[in-house]
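Worksheet for the structure shown next.
Keep in mind the model is a prediction, meaning the values are calculated, not measured. Worth knowing before you read on, the calculation uses all heavy atoms, side chains too, and leaves out hydrogens, waters and symmetry mates.
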Amino acid sequence: MERTSTSLLFIVSLVIIFASVVNQIRAQTCDENLGSCEKCDQRCKAKHGLSSVSKCNGPDGMCKCTYECASFKPAKVCVGATDMCTDTCPQSCCDRQCAIKYKNGHGGCVNYAGYRMCICEYSC
């Protein structure tokens with residue numbers, strides 16, 4: 001019984017990690033013009049944080065600040081599965097199966113305990 005619990009816990013952990021990575025990838029960027037180029041980088045980072053990136057088009061140009069921003073409606077990501085991944089149905093086939101089975105679905109093969117499972121993520 002302990003082996004079964006450990007196996008289930010491992011699968012659930014993989015799914016949670018997979019879903020959190022996808023949420024990080026979905027981050028969007030926004031641009032804001034901050035006027036003159038004087039202290040462009042300093043103003044950009046002060047307004048939008050240290051991860052923001054400034055760009056100035058010459059000394060008389062405009063300061064453009066690119067930063068990570070949230071979308072209007074954040075997508076909730078759900079996880080599902082299709083069939084097993086095989087030599088005849090590798091990664092690309094798994095992704096295609098997920099797209100057919102789930103709206104906005106994408107997928108990949110995950111190796112676990114000698115099996116290659118096709119795990120899908122989709123907006124829900």
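- Between Asp83 atom CG and Lys101 atom NZ the span is 9.0 Å, to the nearest 0.5 Å.
- Contact of the Glu32 side chain with the His48 side chain is registered, since non-hydrogen atoms from C-beta on lie closer than 4.5 Å.
- A distance of 13.0 Å separates OH of Tyr102 from OG of Ser123, quoted to the nearest 0.5 Å.
- In terms of modelled atom types and a separation under 3.5 Å, the side chain of Asp95 and the main chain of Gly107 share a donor-acceptor contact.
- Among all heavy-atom pairs drawn from Cys124 and Val77, the shortest one is SG-C, 4.0 Å.
- Between Cys65 and Val53, the closest side-chain pair of non-hydrogen atoms is not below 4.5 Å.
- A distance of 9.5 Å separates NE2 of His106 from CD of Glu121, quoted to the nearest 0.5 Å.
- Annotation: the span from Cys120 atom SG to Ile100 atom CD1 amounts to 10.5 Å, rounded to 0.5 Å.
- SG atoms of Cys30 and Cys69 are separated by less than 2.5 angstrom, consistent with a disulfide link.
- Disulfide status for Cys63 with Cys44: absent, SG atoms not under 2.5 Å apart.
- In the hydrophobic cluster analysis, where Ile, Leu, Val, Met, Phe, Trp and Tyr join through side-chain heavy atoms closer than 4.5 angstrom, Val79 is grouped together with Met84.
- Environment of NZ in Lys45: crowded, with over 12 heavy atoms of neighbouring residues, nucleotides or ligands closer than 6.0 Å.
- Nearest heavy atom pair, residue Lys103 against residue Tyr122, reads O-CB, 3.5 Å.
- Between Cys118 and Cys89, the gamma sulfurs sit at a distance of 2.5 angstrom or greater.
- The CD1 atom of Ile119 lies 8.0 Å from the SG atom of Cys98; values are rounded to the nearest 0.5 Å.
- The sulfur atoms (SG) of Cys85 and Cys109 lie less than 2.5 Å from each other.
- Residue Ser54 holds its OG atom at 13.5 Å from NZ of Lys47, rounded to the nearest 0.5 Å.
- In terms of heavy atoms, Leu34 sits closest to Arg43 at O-NH1, 2.6 Å.
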